[in-house]
Amino acid sequence: MRLSRLFARTQREVPSEADTASHQLLLRAGMLRQLTAGVYCYLPLAWRVLRKIEDIIRDEMNKAGGQELSLPVLQPIELWRKTGRDASFGKSLFTLCDRKERQLALGPTHEEVITQLASQHVQSYRDLPLLLYQIQTKFRDEPRPRGGLIRAREFAMKDLYSFDADEEGLGQSYQKMLEAYGNIYKRCGLPAILIEADSGAIGGKDSHEFMVVCETGEDEVIYCDSCHRASNAEKATSAKERISSGKALPVEEVATPGYYSIEEVSDFLKVPRHGTLKAVFYMADKELVFVVIRGDLEVNEVKLANSLHSTGLRLATEEEAKAAGIVTGSASPVGLKGIKIIADDSIKTGVNFVAGANKPDTHLKNVNYPRDFKADTVADIALARAGDTCPGCGGKLLSAQGIEVGHVFKLGAFLSSKLDAFFTDAGGARHPVVMGCYGIGIGRLMAAIVELNHDNKGIIWPTSVAPYLVYLCPLYPETPGVMAAAESLYTELEALGLEVLFDDRVESPGVKFNDADLLGIPLRVTISPRTLEKESVELKRRPEKKTELVPLDKAASKIKGIFTPSS
RNA sequence: CGGGGCGUAGCGCAGCCUGGUUAGCGCGCAGCGUUCGGGACGCUGAGGUCGGAGGUUCAAAUCCUCUCGCCCCGACCA
C-alpha cells in the first residue's frame with residue numbers, strides 16, 4: 001500500500017475527546033474516528049488490525065471445534081421477554097419499532113437467538129456437544145461509554161455458545177474455551193490473566209473473565225500475591241476473621257446525642273469500627289431492604305443484588321427510609337418489623353456489637369445475633385478490599401485495575417428450559433440442553449493491545465496483528481536512484497507476500513520517521529542516498545533503537561526471514 | 001440519572017466577561033522557491049451556517065431563553 005493513497009492522515013495533536021492512550025493513539029494514527037458517543041468508524045489501518053485479530057480468534061475457535069455462523073442483529077422483543085432478560089438488560093437494550101409498530105431489539109448478545117435456533121436442530125444427545133460462534137456487531141446502550149473502544153455502544157464481538165448434554169460436558173467445553181482464549185491472548189501479545197467473575201445480566205453460575213492489568217482499565221481486580229487467586233472486585237471475597245468472642249452480655253441502651261455515622265459512634269463510645277453493626281438501606285425493585293454489616297466493612301452491591309435476585313438495586317433515599325419507619329442515624333435491626341433484613345455473615349464474627357436503637361440519639365450495646373435480631377438472609381455481601389485477608393491461603397489481598405478482554409459463563413439450563421431447547425438422552429428421557437457462552441470484544445481487544453504496547457512515539461503493534469509488517473521509507477525521493485530502489489524493493493517484498501506500507505510521500509525524514517513510529521509498523525526499511533552509497537538499506541525494528549545495514553540485493557530475503565517463524 | 005466542563009475551518013485553540021471594521025492563530029491542505037537522516041523555512045492561497053432555534057438590540061460568536069450534541073467524575077455497566 002502506498003501511503004500517499006492510504007485513507008488515513010496522522011495527527012500531531014491529541015484530539016480533545018480522548019484521554020486514554022489507546023484512544024489517543026488510534027485517533028492520531030488515523031485509524032479511528034468517532035461518529036457519536038460510543039460509536040466509531042474504523043479506518044483502513046484499524047480494519048486490517050481488527051481482521052487479523054478476528055482471524056486469530058477464528059483459527060482458535062475452529063481448532064476447538066467451533067462452527068462459525070452469523071445471526072441477526074435485529075431481534076423480536078418477544079424473544080427477550082420469554083427469557084426475562086429484557087428486564088435484566090433494562091435500558092442497555094436498544095429497542096425500536098418497525099412499520100407495523102412491532103418492537104424489536106438490537107442484539108446486545110445472542111443467547112436467545114442461538115438457543116432458539118439450536119432448539120430447532122438439536123434433538124438427540126447424538127447432536128451434542130455443539131459449539132457455534134459468530135463475529136457480530138452488538139449494540140448496548142451503555143449509560144456512559146468511555147475510553148474510546150474500551151466501552152463502546154456498537155462493537156464487534158466474537159460470541160461462542162456451547163451446548164452439552166450435562167454439567168460434565170459443559171465442564172469440558174468450558175475448559176476447551178479457556179485454553180483457546182489463552183492461546184488467543186498469547187498470539188495477540190497480551191498477558192491476560194484468568195479471574196473469577198460475577199455473571200451479571202447474562203445470568204448463570206460460574207463465570208470467569210480474562211483481564212489485562214493496566215492502569216486505564218475500568219475494572220478492579222482483587223488478587224492474592226501468595227496463592228495467585230484473582231477475582232473481579234464485584235465477585236471477590238475476603239476472610240472475615242473472628243474479632244471477638246465470649247459471653248453475650250445483656251443489651252444496654254446508651255445515649256449518643258448527635259452521633260450518627262459509624263465513625264462518630266465508634267469514636268464516641270470508644271469501640272473499634274469492627275465492634276459495631278452498620279445499617280444501610282436499599283431499594284430493590286421498589287422494595288425497601290435493610291442491610292446489616294459489620295461496621296468496618298462495605299456493602300458489595302453486586303453481591304447484594306444477586307442475593308436479592310434484584311435487577312434494579314440502588315441506595316434508598318433518606319425520605320424513603322424514613323417513610324418506611326426507619327430512624328436514620330440510629331437504625332437497627334433489633335426490634336425491626338415489616339422490613340426485609342439482609343445481613344452480611346460478618347455479623348457472626350463477634351459478640352456484643354454496638355448497633356442503633358431505632359430511637360433518636362440512642363444506640364444499643366451488646367447486640368448479638370441471633371439472640372437480638374433475625375435476618376431474612378445471611379450471606380456474604382461484603383466488598384473485598386486490598387489489604388484484606390485472602391480466604392484461600394491467609395495471605396494479603398491486593399488490588400489492580402484491569403481491562404476485561406474476555407468473559408466466559410457457565411449458563412446451565414435456565415435459558416434452554418425457557419426457550420424449549422431439549423434433547424433426548426440415550427434412555428429416551430428429555431432434558432434441557434446445558435449451555436455456556438464465551439465472548440471477546442474485538443475492538444476492546446485492539447484497544448487493550450495498544451494500551452499495553454506503546455511508547456511516547458506511538459503504537460508498537462505485535463507482528464501478529466500489525467496492519468502492515470514493513471514500513472518502506474525512502475528519504476530524499478527526488479535524489480536519483482532512491483525511488484527506483486524503493487520501487488523495486490517494494491515490488492520484491494510484495495511478491496514475497498509481505499504486507500508493505502510504502503511511504504512514497506515527499507516529506508522530510510523527520511515526518512516519515514515519526515509517522516512510522518506513530519503507526520507502529522514492526523519493521524522500518526529506510527532507503528536513502530546515504531544507504532545507497534553502500535549499496536544497502538537500513539532496517540530498524542519498531543521497539544528497538546539500533547539500526548542495521550543490509551545489502552540491497554539481500555534485503556528482500558533478509559526481511560522475509562525476519563517474518564518467517566524459524567520453527 | 002446527579003455533578004462538572006465544552007461546542008468557533010479536517011485537528012488543536014484564542015476571541016465572549018465589557019455587543020460594533022472583512023472572526024483570528026498554530027497544525028494540516030493547495031501552489032512556488034529554498035532546505036532536508038527524527039515532526040525545516042519563506043511567500044502566496046483555499047477553507048467558517050461561530051452546534052441549532054427563538055429573543056433583546058440600530059447592531060449578536062459575544063447578552064437572555066430554550067434545545068441538541070460531546071467529554072470527564074460518580075451512579076450504572078457481559
Side-chain angles (χ1 to χ4, degrees), chain A residues 7-20 23-24 27-28 30 33-39 85 88-93 107-111 138-148 150-153 155 157-159 197-204 207-211 218-220 232 234-235 282-283 301-302 305 311-315 317 403-409 411 436-441 444 456-458 473-479 482 505-518 524 526-533 538 540 545 547:
Chain A
F7 185 64
R9 176 163 287 125
T10 57
Q11 285 172 202
R12 206 179 299 201
E13 273 158 320
V14 181
S16 58
E17 73 207 46
D19 71 345
T20 58
H23 195 194
Q24 292 181 348
L27 289 169
R28 285 190 52 213
R33 201 80 165 182
Q34 185 179 63
L35 180 64
T36 184
V39 179
R85 296 207 310 169
S88 27
F89 274 92
K91 286 189 164 175
S92 295
L93 197 64
T109 176
H110 282 76
E111 282 82 10
K138 311 293 182 201
F139 293 86
R140 292 182 190 178
D141 197 358
E142 299 286 355
R144 183 149 94 84
R146 73 178 90 189
I150 301 288
R151 181 168 295 276
R153 295 197 299 168
F155 59 97
M157 182 169 99
K158 186 286 301 175
D159 43 327
D198 180 74
S199 53
I202 292 286
S207 176
H208 289 87
E209 286 168 335
F210 286 87
M211 282 280 179
E218 53 174 356
D219 284 286
E220 186 184 0
N232 192 302
E234 296 174 347
K235 171 86 175 177
Y282 283 90
M283 293 302 288
E301 295 186 359
V302 173
T311 53
L313 185 78
R314 61 171 174 82
L315 276 170
T317 62
I403 301 172
E404 176 195 341
V405 290
H407 200 158
V408 299
F409 304 78
L411 294 172
C437 69
Y438 315 84
I440 295 183
R444 183 186 283 183
N456 60 353
K457 296 298 247 175
C473 189
L475 304 183
Y476 317 113
E478 66 290 343
T479 308
V482 169
R505 302 172 303 172
V506 179
E507 288 289 353
S508 70
V511 170
K512 292 189 171 194
F513 289 159
N514 278 300
D515 278 345
D517 288 346
L518 177 58
R524 189 182 79 196
T526 307
I527 299 181
S528 70
R530 196 192 285 181
T531 68
L532 286 181
E533 262 175 37
E538 176 194 277
K540 179 186 169 298
K545 260 209 141 102
T547 60

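Convention: sequence-line order gives letters A, B, ...; per-chain numbering from 1.
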Does [X] reach a base, just sugar-phosphate, or nothing at all? Heavy atoms under 4.0 Å.
X	value
S16(A)	sugar-phosphate
R524(A)	base
S207(A)	nothing
F155(A)	base
G147(A)	sugar-phosphate
E538(A)	base
K457(A)	base
T479(A)	nothing
R444(A)	nothing
D19(A)	sugar-phosphate

Measure distances between side-chain N and O atoms of [X] and base N and O atoms of [N], and say whether any donor-acceptor pair falls under 3.5 Å.
X	N	value
S528(A)	rG37(B)	yes
E478(A)	rC36(B)	yes
R9(A)	rC29(B)	no
R28(A)	rG10(B)	no

Which nucleotide wins on minimum distance to the side chain of [X], given the candidates [options]?
X	options	answer
T10(A)	rC72(B), rG39(B), rC71(B)	rG39(B)
E13(A)	rG39(B), rC11(B), rG37(B)	rC11(B)
A37(A)	rC11(B), rG38(B), rC70(B)	rC70(B)
P15(A)	rC11(B), rC70(B), rC29(B)	rC11(B)

Pairing nucleotide - [N], Watson-Crick or G-U, each distance under 3.5 Å:
N	answer
rG2(B)	rC73(B)
rC66(B)	rG52(B)
rA23(B)	none
rC32(B)	rG42(B)

Please tell me if [X] has a side-chain N or O lying less than 4.0 Å from either OP1 or OP2 of [N].
X	N	value
R505(A)	rG39(B)	no
T36(A)	rG69(B)	no
Q34(A)	rC71(B)	yes

query = Can a salt bridge be assigned to the pair R85(A) and E111(A) using a cut-off of 4.0 Å between side-chain N and carboxylate O?
reply = yes
